[in-house]
Structures are given as C-alpha cells and as structure tokens.
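Everything on this sheet refers to the single structure shown next.
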Amino acid sequence: MPELPEVETTKNGLIPAAENTKVSDLIVRCKALRWPIEKNLSILTKNQPIISIERRGKYLLFRLSNGTIIFHLGMSGHFKVCDKSVPLKKHDHIDIELSNGKILRYNDPRRFGACLWTEGDPLCHPLLVDIGPEPLSRAFNAGYLLKNCKNKKANIKAVIMNSKVVPGVGNIYASESLFLAKISPLTKACDLTENQASNLVKAIKSVLKKAIKQGGTTLKDFSGTDGKPGYFAQKLKVYGMAGHKCTACNSEIEKIVLQQRATYFCPNCQKATN
DNA sequence: ACATTGACCTGGGAGC
DNA sequence: TGCTCCCAGGTCAATG
C-alpha cells in the first residue's frame, strides 16, 4: 500500500492529534510485525512527551524525549486516530494512547510493517542510514540521478524504486513517473540521457506532490488516519490501466512484469531507446 | 559492487 | 458454497 504520499498523508493526520501530548500507554497485541517488537516498549515509552512526528522515506519517526519509535507501514499497514471506546478490529496490533485521550491505532493485516525502538539518532539506524535523499528535496536532482544510473545495467524502474538511490517511489508511482517522463521502464539505467534524467526527476516530484494533495492512492487497504481513502487512484494514467487507452496518444496501455512486479506503460509514448 | 530471487503474511477475487 | 490458485502498494537477506 503505502508509498511516500500515503506515509506523508498518515503523518499529516497524526500530527494534529499528537501535538503537545505524552504517551500515556502503549499496547502491543502481537509479538512481531516484520521484526520482533521490543518487549519493553510500553514501559520505555510511558509518560514520555512526543517531541515530533516525522517522515523519512517511507518510515515514520515518533520522536519521544528518550528515544524514537520507528514505524514502517509495509504493504498493508495504516494508522487510525480514534478514542478508547472504538472497538478493536482484526489486525489492530498496536495502540499508542495519548494523554489527550486519543489513540493512534496501527492496523496491519499482512504484518509486513515494522515497529522498532531506538535510543540513538533514528536517522543513523541501520535501516535508515543508507537511504537516498528525499525525492522532494533539492538534493534529488538530475545530476544526482544520473550519477546513480552510471554503470548500472538494471532497468530504470528498478533504480528509481531502490530506496538507496531515492526512497518513497514504490510500484505505482514508478510506473506513473516513467509515463509522465515518456521513458520506457525497460531502459537500462546506464543509457539514461541527461535530458531524460532531468525529465524523470521532474516527473517523480510532480507525481508525488499531486498524490500527496489527493491524500494518497487507495487501491484496497490504504486509508488516512480519519478512515477516508486517498483519491489519487482516480488520477492514475497507467497503473492498473492495461487495455485502456493512453490519455496522451490513444494507444493501448500494456502490462509487463519487471523484478516480479506489475509494470504499466504506453508502448508508443515510452519507446525503448535501444 | 551489482543483479536477481525468495521469503515474510493475510485477504480478496477469479475460476472451477 | 467452497475449494484452489493467483495477485497485491515493500524490502531485507541470501545467492550468483
């Protein structure tokens, strides 16, 4: 489910609920998500003020006064803001109860998500330390992308989905960005021209920004912290549109499989360069 | 160092 | 109705 816009939407929903509060209690109802959950998490976080809630790539950082809870939503994770009286649903794995009475409730059917505790700088955590610059920052630019494509034989779609190059671009937005930039997903990264790199960077930024404005993309599981879906699914040009007409040239959108992932593109607008 | 594949889970839909 | 199979927004770990 969640790529950068969905995580950003989640963060934006959590912040107003958690501002100027403390963790009054934290309840974990499963042993592990992707990784085991710190057994003492409840004790460690009790009565700790929430300093901030931040996003880095697809990770959510709950900075407390004595450490940080690092969340990743995996494929099916989502947060809901509610109060104690709301009955539990299946797969409600974690409740962060706040001193204002609200609960940040984490639900994750597939349990591919993560909930980790760190007392050091969370940006230096092994999972975060090697990830690339934020796609919406100036550090993510054509020169940077080109440098990271050099000598790489992998296709360009794999490269922009590699969080060590740039985090936050998942399977949906990779297809959408390549369509907008008119680059074939099959293009070898090392063959990317300066012009293409520039167009691709612009396309990624544009697609992500628009998706954030729409509250993300809901195909199935995702909802914002208010339970409402994201509306970017209605704006998708190629993802999930196999057999439909391209909005630019009227050709038929094709679906192929790359790195075992569904990949959608317009064979006419996104011609392979070799 | 890079590229590819399997693994982790559950649920929903298609097809029989 | 119920079974089996396939697919799904992520990404780490192991392999070549």
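Predicted model only: the values in this text are computed from it and were never measured. Quick note on labels: first sequence line is chain A, next is B, and so on, each numbered from 1.
- Residue contacts for A/Tyr59: at a heavy-atom cut-off of 4.0 Å it reaches the sugar-phosphate backbone alone, with no base atom in range.
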Study note, to complete from the structure: Writing each nucleotide of DNA chain B 5' to 3' as (, ), [, ], | or . by Watson-Crick or G-U pairing under 3.5 Å yields .|||||||.|||||||

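- In summary, A/Glu176 and A/Lys235 do not engage in a salt bridge, as defined by a charged side-chain N under 4.0 Å from a carboxylate O.
- With 3.5 Å as the limit, one finds a donor-acceptor pair spanning the side chains of A/Ser85 and A/Asp83.
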Practice item. Starting at the 5' end of nucleotides 3-9 of chain B, put B wherever the base has a protein heavy atom under 4.0 Å, S where only the sugar-phosphate does, and a dash everywhere else. Key: SSSB-BB

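- Listed by chain and residue number, A/Ile27, A/Ser42, A/Lys46, A/Glu97 satisfy the side-chain contact (heavy atoms from CB on, under 4.5 Å) test with A/Asp25 (two or more places apart in sequence, or in another chain).
- Grouping Ile, Leu, Val, Met, Phe, Trp and Tyr residues whose side-chain heavy atoms lie under 4.5 Å apart, directly or via other members, places A/Leu116 in a hydrophobic cluster with A/Trp35, A/Tyr59, A/Leu61, A/Ile70, A/Leu123, A/Leu127, A/Leu128.
- Whole-Å rounding puts the A/Phe222 CZ to B/dG12 C1' distance at 20 Å.
- B/dG11 and C/dC12 have their P atoms separated by 25 Å, given to the nearest Å.
- The side-chain hydrogen bond (donor to acceptor under 3.5 Å, both in side chains) search around A/Asp95 returns A/Arg29, A/Arg105, not counting sequence neighbours.
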Check nucleotides 3-6 of chain C against the protein and report each pair of N or O atoms closer than 3.5 Å, with its distance, or say if there are none.
none

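- Straight-line distance from the CH2 atom of A/Trp35 to the P atom of C/dT11: 9 Å, rounded to whole Å.
- Side-chain nitrogen and oxygen atoms of A/Lys220 include none within less than 4.0 Å of the OP1 or OP2 phosphate oxygen of B/dG11.
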